[in-house]
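Every chain is numbered from 1, with letters handed out A, B, ... down the list of sequences.
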Protein chains: 2
Amino acid sequence: MSASTLHSAVLDALGSDIVSGELPAGSVLTLENLQQRYSVSRGVARECMRILESLRMITSQRRTGICISPERQWNVYDTRVIRWRLDSRHRAAQLRSLTELRLGIEPIAAHLATLRASADERATLRAAAEDMRRYGTTHRPMRYLAADIEFHRIILAASGNEMYTALADPIAEVLRESPTHGRSDYPVPETIGYHEAVMEAVCTGDPDAAERAMTTLLSDVRGALRLI
Amino acid sequence: MSASTLHSAVLDALGSDIVSGELPAGSVLTLENLQQRYSVSRGVARECMRILESLRMITSQRRTGICISPERQWNVYDTRVIRWRLDSRHRAAQLRSLTELRLGIEPIAAHLATLRASADERATLRAAAEDMRRYGTTHRPMRYLAADIEFHRIILAASGNEMYTALADPIAEVLRESPTHGRSDYPVPETIGYHEAVMEAVCTGDPDAAERAMTTLLSDVRGALRLI
DNA sequence: GGAACCTCATTGTTCTGATCTTTCTCGAAG
DNA sequence: CTTCGAGAAAGATCAGAACAATGAGGTTCC
């Protein structure tokens, strides 16, 4: 992990330990504890503690010390928490959570994007769809994936809702994951057409069609829900 | 505002100033600046700075100082950011964003809840729906609202997806807001039936029906999308 | 004249040691 | 057994110092 500063390295180590379960909920530490564990000064230990507290992963109390909070309280939308979970044995669970989030988010994002996308965003969306067809039919999976990620990022950004837009990075992570699960026929041929349908609806200005097309696009993901 | 500790008071003041636009994106501060502005020591100023950095509301660089980041980079899922926005002139925008989020989230949450709710959660959901009818028909709006909030909280919790569950608090905030917009016939009579339909589908175990019922329940909210 | 290089002031980063405040524990008094 | 007070533990805050990166501005060399 990157560590331009000392505190970010300690934070990363500590966060990973908590997420991995090495420091389970209910564990109690002290600042002095952290200082020795990572050989840092009180100030650095305190800054890490404060950040984890701000992520609601720990609570700090006088006389008691630093207590690891149960997972249910964590700020699971923070990029670091997501990153730590993706880098731990909870990777599959985190990807599942994000996938379920996509199911709800992306159709409405497409709807909103249809209402609010700028001309520039519509053009970029069309370009991304064209790239998907180009690289999908010529079997260049990495470029196809990049176009796919770009496509979904634009939809989310064009939704005009900052809470939708903020999900672009973790959703990109999910997309990056899917090809590795080894479908032999990646990309699935119909997928390209579905993306084009979404793009056409957004460009035409038919929000309900865009929403329906996005739902269709996600239907295979949806089909897996029951199996979990 | 609450301020059990000094740093939380400073953090709150600073966060509010940034969200309100009093410190616009691009503004540059220094640590010494913060120390004097709030009459606190270096350590406290640093802890606040670190937390705001962790919310991606500021960046800290040597020689440059502390720079306010553009809104698009903020961690808009953090409860403090949401709180600051709700307490600022962006209140309406924040409520709109959350409402749009509900449109996507809640139908799938209902779907998932149908698949995953515990017997206890189903019973509590039924109780909440019954409370809604009881207090809705006897015109006790505060109790009706409490039951409504409880209803949606259970659906989100029962989804078994921590990212859905984490949205319970802000969504409760949206629900608390709606009656104040002064519908004379609050609660809307049909609403109770829609909630019951969701509850029945969840208890019966029909995920698609639950999803459809929740979508219907949100249809009036959806209708307002075009108007924005 | 311009581009590469050097110097230095500025500002965050880290460390240290001390003091204050809260809060739990334990023992003594009633 | 209950109540209350003294003490200890741990975080909270402050102050001062040394360190390190980095950008601005001047200098030197084509």
Please report the shortest heavy-atom distance between A/Val198 and A/Met214, naming the atom on each side.
-> CG2-N, 3.5 Å

Gap between atoms CG and C1', on B/Asn33 and C/dG12 respectively (whole Å) = 14 Å

Starting at CD1 of B/Ile105, measure out to CG of A/Leu101 and round the result to the nearest 0.5 Å.
-> 4.5 Å

Looking only at heavy atoms, which two atoms of A/Pro107 and A/Leu218 are closest? And how far apart?
-> CD-CD1, 3.8 Å

Assess whether ring-ring contact (aromatic ring centres under 6.0 Å, His included) is satisfied between B/Tyr144 and B/Tyr135, documenting all intermediate values.
-> CA-CA 5 Å; B/Tyr144 171 82; B/Tyr135 298 126; 8.7 Å; no

Compare all side-chain heavy atoms of A/Leu156 with those of A/Asn161 and state whether any distance is below 4.5 angstrom.
-> no

Heavy atoms of B/Val202 and B/Ala113 approach each other most closely as CG1-O, 4.3 Å

Using 30° and 60° as the class limits, which term best fits the ring planes of B/His195 and B/His152: parallel, tilted or perpendicular?
-> perpendicular

note: B/Arg63, atom CZ; C/dA9, atom C1'; distance rounded to Å ~ 6 Å

May I ask you to say what A/Leu34 touches in the nucleic acid, namely base, sugar-phosphate or nothing, with a heavy-atom cut-off under 4.0 Å?
-> nothing

For DNA chain C, which residues in residues 38-51 of chain B have a heavy atom at a distance below 4.0 Å?
-> B/Arg42, B/Arg46, B/Met49, B/Arg50

DNA chain D: 5'-most and 3'-most nucleotides touching chain B, 4.0 angstrom heavy-atom criterion = D/dT13 to D/dA24

Under 4.0 Å: is that the gap between some side-chain N or O of A/Thr64 and OP1 or OP2 of C/dC24?
-> no

Closest heavy-atom pair, B/Val40 versus B/Ala45, reported as atoms and distance to 0.1 Å, is CG2-N, 4.2 Å

Most 5' of B/Arg62 and A/Thr30 on DNA chain D, judged by nearest nucleotide = A/Thr30

Axis-to-axis angle for the helix from C/dG1-D/dC30 to C/dG30-D/dC1, ends of five pairs each, to 10°, equals 0°

What is the distance, rounded to the nearest whole Å, between atom CG of B/Leu6 and atom P of C/dT22?
-> 12 Å

Note: B/Val19 and B/His90 closest approach over all heavy atoms is O-CE1, 3.2 Å

Among B/Leu52, B/Asn75, B/Ile51, which residue meets the side chain to side chain contact (heavy atoms under 4.5 Å, CB included) test with B/Arg80?
-> B/Ile51

Taking the side chain as C-beta and beyond, is there a heavy-atom pair between A/Arg85 and A/Arg91 under 4.5 Å?
-> no

Atom pair distance, as rounded to whole Å: CD in A/Gln61 and C1' in C/dC24 = 11 Å

